[in-house]
Amino acid sequence: MSTETAAAAAQVAAPPPAGWEEARSRVYAVGLAAALPPVQRALADADGYTLAAPLKTRTDLPAFPTSSVDGWAVRGAGPWDVVGRVLAGQTPAGLTADGTTVEIATGAMVPTGTTAILRIEDSRRTPDGRVTGTPRPHPEWREPGEEAVAGEELVPAGTPVDPALIGLAASCGHDQLTVRRQPRAALLVFGDELLTAGPPGSGRVRDALGPAVPSWLRRYGCQVRPSDVVGPVADTLPAHVAALRGALAGADLVCTTGGTMHGPVDHLHPALEALGADHVVNTVAVRPGFPMLLARLVDADGRVRFVAGLPGNPQSAVVALVSLVAPLLAGLQGRVLPALPQATLAEPVPGRGDYTHLALVRLDRAAGTAHPVRHVGSAMLRGLAGADGFAVIRPGTSGEVGTRVPVVPLPLLPGERTW
């Protein structure tokens, strides 16, 4: 299709916007269907990735009976003759005779034949060097398989890897993990009126999304190199097509900023038509952030790539990120789309009629409450800088004080847990 024909086709009336919850579900499903292939990563390099296979223990945990305390491994009734000592990392000889004991350290392997472990603080030595005391009634060692048995699934596939999971994997014998390859992302900044340095003025505004969006994408688990950020791209259809084609050559996801409407210099829709993309979502009934989209391209070899069209207004662009990009990336990484946490509104939040309202809020985690912030216009970032997420006010409702509402958290660093 020629660029002129694509431009004409883009003028056809757009379909009605998708509901916000429907759009999230739809993009997650297409992302999951295109989940990225598994790769192996050493434990030290796995933080922020996602398990592509369940984590199973290679042995019983613990693999052998392990002393929980410093003390004496004893056999039979006391007093006991001291016949040795066992430290962590050693394989001790068994206790073969009643009335004998070995000194034992926390974490050391319990000798066979042990009937009890006497804590060091509960023991004393007799004048002839023997050990006496009363063992406590409960066992003072960990049995093999107490935490897990060999081959048991500890963590399911789709779980984000964090430091706790890495430690667990090491404890049960793994040196590397099978994880999903991280998505590669690129950003195209549309709008050649934008300034990329210095203060705004003379009718030109500073580009706030070029520096910010890559960091948001990294927090969602993407790899974004400095060379993957391009723009401002000239406001012509050929320039848009060329920029998209170049970015798609190496990226699984290309985000664009601006150009999502149908104005005289909005070329994203015709550029996508020219590239043969199909829309997964073309506009979402959400405020702010209404003119957003997600498109999919499938190569002849079956390779799937995505383009996320973010609005040019900064806060609207972040709404598009949490609405479309976040669930898409969860799917691409094979993650479960988490249920949204809830909070109680401490102040009223207006509805937006037939649209979902994503309202910036600051959270009081101790009280479980959400407090709307100020400076929340589509073009503003001041409110976003002090917020923890977006309260979801569903269509046809308003957020009254005391109402429990879902909250879309802003992304944390890779591997960090939310709430």
Side-chain angles (χ1 to χ4, degrees), residues 28 31-32 34-68 87-90 105-109 141-185 214-225 228 252-253 321-322 325-341 365 388-389 409-419:
Y28 173 71
L32 193 60
L36 298 171
V39 295
Q40 298 293 313
R41 285 289 178 271
L43 294 185
D45 299 324
D47 190 24
Y49 283 77
T50 304
L51 288 182
L55 177 65
K56 299 181 180 181
T57 179
R58 299 180 64 186
T59 66
D60 289 344
L61 283 183
F64 47 85
T66 306
S67 179
S68 302
L87 302 177
Q90 297 177 344
T106 300
M109 184 175 181
W141 66 77
R142 298 174 60 215
E143 294 285 0
E146 183 178 304
E147 184 175 359
V149 297
E152 182 179 345
E153 180 176 317
L154 305 179
V155 183
T159 302
V161 177
D162 64 9
L165 193 153
I166 290 171
L168 177 62
S171 73
C172 58
H174 291 277
D175 301 313
Q176 56 186 12
L177 291 172
T178 303
V179 295
R180 295 284 177 189
R181 175 174 68 76
Q182 287 187 323
R184 293 189 292 266
S215 293
W216 291 116
L217 292 172
R218 292 186 188 102
R219 280 162 169 75
Y220 283 125
C222 286
Q223 295 180 351
V224 188
R225 301 167 300 183
D228 295 324
D252 303 296
L253 168 68
L321 281 169
V322 303
V325 174
L328 173 75
L329 291 173
L332 286 177
Q333 295 173 90
R335 297 185 178 186
V336 174
L337 186 61
L340 296 177
R365 289 174 172 80
D388 296 301
L410 291 169
L412 301 173
L413 291 171
E416 287 186 303
R417 301 178 190 269
T418 59
W419 294 23

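Numbering starts at 1 and runs along the sequence shown.
- Between Leu55 and Thr159, the closest side-chain pair of non-hydrogen atoms is not below 4.5 Å.
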> Step by step, would you call Val322 with Tyr220 a side-chain contact (heavy atoms from CB on, under 4.5 Å)?
Replying inline: CA-CA 10 Å; Val322 303; Tyr220 283 125; 3.5 Å; yes
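- Leu332 and Pro183 get closest at one heavy-atom pair: CB-CG, 4.5 Å.
- Between Val161 and Arg41 there is no side-chain heavy-atom pair separated by less than 4.5 Å.
- The CG atom of Leu36 sits 5.0 Å away from atom CG of Asp252, with the distance rounded to the nearest 0.5 Å.
- Residues Pro163 and Asp47 meet the side-chain proximity criterion, which asks for heavy atoms closer than 4.5 Å.
- Between Tyr28 and Val336, the closest heavy-atom pair is OH-CA, 3.6 Å.
- When all heavy atoms are compared, the tightest approach of Ala150 to Asp60 is N-OD1, 2.8 Å.
- Between Ser67 and Ala105 the shortest heavy-atom distance is CB-O, 3.7 Å.
- Here the shortest heavy-atom pairing between Leu340 and Pro409 reads CD2-CD, 4.4 Å.
- Interatomic distance, Gln333 CD to Leu328 CG, rounded to the nearest 0.5 Å: 9.5 Å.
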> Could you go step by step and tell me if Leu177 and Leu43 meet the side-chain contact (heavy atoms from CB on, under 4.5 Å) rule?
Replying inline: CA-CA 6 Å; Leu177 291 172; Leu43 294 185; 3.6 Å; yes
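- Looking at heavy atoms from C-beta onward, Cys222 lies in side-chain contact with Leu329 at the 4.5 angstrom threshold.
- Inter-residue side-chain proximity for Leu168 and Glu147 is flagged as met; some heavy-atom pair is nearer than 4.5 Å.
- Thr66 contributes atom OG1, which lies 6.0 Å from atom CZ of Arg142 (distance to the nearest 0.5 angstrom).
- Inter-residue side-chain proximity for Leu61 and Glu146 is flagged as unmet; no heavy-atom pair is nearer than 4.5 Å.
- Checking Thr50 against Arg180 by side-chain atom types alone, no donor-acceptor pair falls below 3.5 Å.
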> Could you go step by step and tell me if Leu154 and Leu165 meet the side-chain contact (heavy atoms from CB on, under 4.5 Å) rule?
Replying inline: CA-CA 10 Å; Leu154 305 179; Leu165 193 153; over 6 Å; no
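- Heavy atoms only, all atoms of each residue included: Ala52 and Pro38 are closest at CB-CB, 3.9 Å.
- Of the inter-residue distances, the one linking Arg218 atom CZ with Gln182 atom CD reads 11.0 Å to the nearest 0.5 angstrom.
- Here the CZ-CZ distance, from Arg225 to Arg184, works out to 8.0 Å after rounding to the nearest 0.5 Å.
- Distance check, rounded to the nearest 0.5 Å: CD of Glu143 to CZ of Phe64 gives 13.0 Å.
- A donor-acceptor pair is defined here as one N or O able to donate and one able to accept, closer than 3.5 Å; no such pair exists between the side chain of Asp45 and the backbone of Ala42.
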